[in-house]
Amino acid sequence: MGVAIRTAGEADRELVVGLLDAAFQDDPVSSWVFPGEEHRRTTHPKLMAAFTDVVLAHGRIDVTEDGTACALWMSVPADAPEQDDEGSAELRAAVDPDNERVELIGRLTAGAHPAGRAHEYLWMIGAAPERQGQGLGTALITSVLDRCDREGLGAYLEASSARSRVLYERLGFTLEGRPLDLPDGPRMWPMWRDPRA
């Protein structure tokens with residue numbers, strides 16, 4: 001039985017923000033960005049909302065028809081300009097001005113992002129906690145990877161946990177460059193997938 005997937009629109013904003021917030025509240029990277037549990041509970045949704053708004057405006061959000069999982073994608077052309085630090089500083093100012101880690105995570109991931117190659121960038125993917133491990137993420141990713149294969153496009157992401165890294169390896173992603181070790185924090189794995197013939 002397949003998973004029905006549709007493209008989200010503005011009317012789905014709160015659904016997507018809620019899914020991402022629930023899926024990433026206890027993620028190692030989110031816990032590093034917002035180390036205080038109470039602060040994370042109140043501020044993390046603002047970061048997920050900011051990410052959602054960027055992708056609604058400039059990318060595509062896929063959501064399962066039952067509204068229990070979503071994936072945020074950005075199409076990156078080969079000639080995309082390198083990201084500057086200004087966007088990360090603006091994000092910090094909007095989300096949590098006193099938290100330098102909001103800005104730092106943006107700078108570190110931008111610095112690891114491959115340049116000069118057109119690709120689909122999986123910015124985030126999340127499922128409701130009670131639906132994790134049921135194949136929804138695989139279905140969301142595979143629908144885009146199938147198109148990448150047809151169009152000869154690569155795909156890129158950063159795995160934020162060892163568990164997600166294993167899933168992405170099963171789907172054909174491999175480590176791109178070196179892992180990102182967050183200062184006094186967890187490791188992230190930049191991962192690339194070449195299109196399959």
Problem set entry | Pair Asp96-His39, side chain to side chain donor-acceptor pair (under 3.5 Å): steps then yes or no | CA-CA 10 Å; Asp96 196 5; His39 183 67; 2.7 Å; yes

For this session: Decide salt bridge (Lys or Arg N to Asp or Glu O under 4.0 Å) for Asp12 and Arg60; before the verdict, give the C-alpha distance in whole Å, the side-chain angles of both, and the deciding distance to 0.1 Å.
Result: CA-CA 12 Å; Asp12 299 298; Arg60 190 184 75 253; over 6 Å; no

Exercise. How far apart are the C-alpha atoms of His119 and His113, what are their side-chain angles, what is the distance that settles it, and do they pass the side chain to side chain contact (heavy atoms under 4.5 Å, CB included) test?
Worked result: CA-CA 11 Å; His119 59 277; His113 202 110; 2.7 Å; yes

For this session: Would you please test Ile61 and Thr7 for side chain to side chain contact (heavy atoms under 4.5 Å, CB included) and show each step?
Result: CA-CA 6 Å; Ile61 299 177; Thr7 302; over 6 Å; no

For this session: Would you check, one step at a time, whether the test salt bridge (Lys or Arg N to Asp or Glu O under 4.0 Å) holds for Arg196 with Asp194?
Result: CA-CA 6 Å; Arg196 294 176 176 170; Asp194 283 318; over 6 Å; no

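Proximity of Asp26 to Ser30: side-chain heavy atoms (C-beta onward) are nowhere separated by under 4.5 Å. The closest side-chain heavy-atom distance from Phe51 to Leu91 is below 4.5 Å. Residues Arg92 and Asn99 fail the side-chain proximity criterion, which asks for heavy atoms closer than 4.5 Å. In this structure, Leu20 and Met124 have side chains that are in contact, with non-hydrogen atoms separated by less than 4.5 Å. With a 4.5 Å cut-off on side-chain heavy atoms, Leu167 and Thr138 count as touching. Between Pro195 and Asp149 there is a side-chain heavy-atom pair separated by less than 4.5 Å.
Here the CD1-OG distance, from Ile105 to Ser160, works out to 9.0 Å after rounding to the nearest 0.5 Å. The distance from atom CD1 of Ile141 to atom CD of Glu120, rounded to the nearest 0.5 Å, is 12.5 Å. The structure places CE of Met191 at 10.5 Å from CD of Glu176, a figure rounded to the nearest 0.5 Å.
Sparse packing is recorded around CD of Glu100, with 12 or fewer heavy atoms of other residues, nucleotides or ligands lying under 6.0 Å away. Heavy-atom contacts from other residues, nucleotides or ligands closer than 6.0 Å to CZ of Arg163 number 12 or fewer.
Criterion: ILVMFWY side-chain heavy atoms under 4.5 Å apart, direct or through other members. Under it, Val63 and Leu56 are not part of a common hydrophobic cluster. In this structure, Val17 is not a member of the same hydrophobic cluster as Leu19, with clusters built from ILVMFWY side-chain heavy atoms closer than 4.5 Å. Linking ILVMFWY side-chain heavy atoms closer than 4.5 Å, directly or via other members, places Trp123 and Met188 in a single hydrophobic cluster.
Ring planes of Tyr156 and Tyr121: tilted class, angle from 30 to 60°. Using cut-offs of 30° and 60° for the angle between ring planes, the Tyr168 and Phe173 rings count as perpendicular.
Looking at Glu169 and Thr174, their side chains never bring a donor and an acceptor atom within 3.5 Å of each other.
A pairwise comparison of heavy atoms in Ala8 and Val16 identifies CB-CG2, 4.4 Å as the closest pair. Residue Pro45 comes nearest to Gln25 through the heavy atom pair CD-NE2, 4.4 Å, listed as atom of the first residue, atom of the second, then distance. The two residues Leu157 and Leu122 have their closest heavy-atom pair at CB-O, 3.7 Å. Contact between Val55 and Trp73 at its shortest, heavy atoms only, is CG1-O, 3.6 Å. Smallest separation of non-hydrogen atoms from Leu171 and Arg193: O-NE, 2.9 Å. Residues Leu72 and Cys70 share a closest heavy-atom pair of CD1-SG, 4.2 Å.
Relative to the six-membered ring of Trp192, Arg117 meets both conditions, a distance below 6.0 Å and an angle of at most 45° to the axis.
Between Phe24 and His44, the ring centre distance reaches or exceeds 6.0 Å.
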